Colleague: 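Quick one: structure below, then a few questions.
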Amino acid sequence: MYKDHRIPLLQFTIIGVGANGSHFFRSLCQDLRTHLNRPGFDKAPSFKLGHIMLVDGDVCESKNLANQVFDKDDVGEHKVIALAERYGEHYDLPILRYPEYVRDIDTLNNLMGVPEHNPKTTMFMPVLIGMIDNVRP
């Protein structure tokens with residue numbers, strides 16, 4: 001049986017932070033922080049976290065307040081900025097934001113670029129999560 005002893009370097013890219021994506025993102029942050037705070041994790045980590053990239057061109061509207069994790073202070077602000085500031089700070093996680101729509105593969109490739117790492121000790125594992133609930137031209 002093949003065993004790879006390198007530590008996974010996780011890098012999440014979430015496209016779409018509306019009704020599904022905003023709830024998923026909040027839960028992901030909570031889960032990651034729970035694992036990162038586990039006793040002994042700093043001495044023997046089961047993974048390393050690069051960052052979480054939020055991608056969405058939408059601006060929060062009052063109609064979003066009923067089914068998404070935004071509040072009235074977020075209305076008029078880009079969704080990715082509101083979420084990154086709130087949950088990045090609360091869970092002390094590296095959250096990047098791209099407040100535009102992805103319209104081509106080159107943009108997606110640039111957003112998911114390989115971070116600097118030592119391939120002998122870490123294995124880069126990009127995670128692309130699609131939470132798009134509608135398509136914009």
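Small disclaimer: the values here were computed from a predicted structure and weren't measured.
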Colleague: For Thr107, what residues pass the side chain to side chain donor-acceptor pair (under 3.5 Å) criterion, not counting sequence neighbours?
Modeller: Asp104
Colleague: What heavy-atom pair brings Cys29 and Ile95 nearest, and what distance separates the two atoms?
Modeller: SG-CD1, 4.3 Å
Colleague: Not counting sequence neighbours, which residues clear side chain to side chain contact (heavy atoms under 4.5 Å, CB included) with Met112? List them please.
Modeller: Thr13, Leu108, Pro126, Leu128
Colleague: What distance separates Met131 CE from Asp56 CG, expressed to the nearest 0.5 Å?
Modeller: 12.5 Å
Colleague: Among pairs that include at least one residue of residues 79-92, which meet salt bridge (charged side-chain N to carboxylate O under 4.0 Å, His left out), considering only residues two or more places apart or in two chains?
Modeller: Asp58-Lys79, Asp71-Arg86, Asp74-Arg86
Colleague: What's the shortest heavy-atom distance between Asn67 and Ala19, and which atoms?
Modeller: ND2-CB, 3.6 Å
Colleague: Is there a path of hydrophobic side-chain contacts, each under 4.5 Å between heavy atoms of I, L, V, M, F, W or Y residues, that connects Leu10 with Ile7?
Modeller: no
Colleague: Looking only at atom types and distance, does a side-chain atom of Gln68 sit under 3.5 Å from a main-chain N or O of Gly21, one as donor and one as acceptor?
Modeller: no
Colleague: Heavy atoms only: give me the nearest Val80-Val17 pair and the separation to one decimal.
Modeller: CG1-CG2, 3.8 Å
Colleague: Is there a chain of hydrophobic side chains (I, L, V, M, F, W, Y, each step under 4.5 Å between heavy atoms) that links Ile14 to Val102?
Modeller: no
Colleague: Hydrophobic side-chain clustering at under 4.5 Å (ILVMFWY, transitive links): who's grouped with Leu9? Put none if nobody.
Modeller: Val114, Phe124
Colleague: Atom CE in Met125, atom CZ in Arg6: separation rounded to 0.5 Å?
Modeller: 10.0 Å
Colleague: Linking I/L/V/M/F/W/Y whenever their side-chain heavy atoms sit closer than 4.5 Å, directly or via other members, would Ile132 and Tyr98 fall into one cluster?
Modeller: yes
Colleague: Evaluate Tyr101 against Ile15 for side-chain contact (heavy atoms from CB on, under 4.5 Å), listing each step before the verdict.
Modeller: CA-CA 9 Å; Tyr101 300 113; Ile15 300 180; over 6 Å; no
Colleague: For Leu65 versus Cys60, what's the shortest heavy-atom pair and its separation?
Modeller: CD2-SG, 4.3 Å
Colleague: Determine whether Phe24 and Val69 fall in the same hydrophobic cluster, where Ile, Leu, Val, Met, Phe, Trp and Tyr are linked whenever their side-chain heavy atoms lie under 4.5 Å apart.
Modeller: yes
Colleague: Name each donor-acceptor pair under 3.5 Å that joins a side chain in residues 35-55 to protein atoms two or more places apart or in another chain, with its distance.
Modeller:
unit_1 : atom_1 : unit_2 : atom_2 : d
Asn37  : OD1    : Arg33  : NH1    : 3.0

Colleague: For residues 115-125, which residue pairs pass the side-chain hydrogen bond (donor to acceptor under 3.5 Å, both in side chains) check, not counting sequence neighbours?
Modeller: none
Colleague: Taking Ile129 as the starting point, is it possible to reach Leu93 by hopping between hydrophobic residues whose side chains are less than 4.5 Å apart?
Modeller: yes
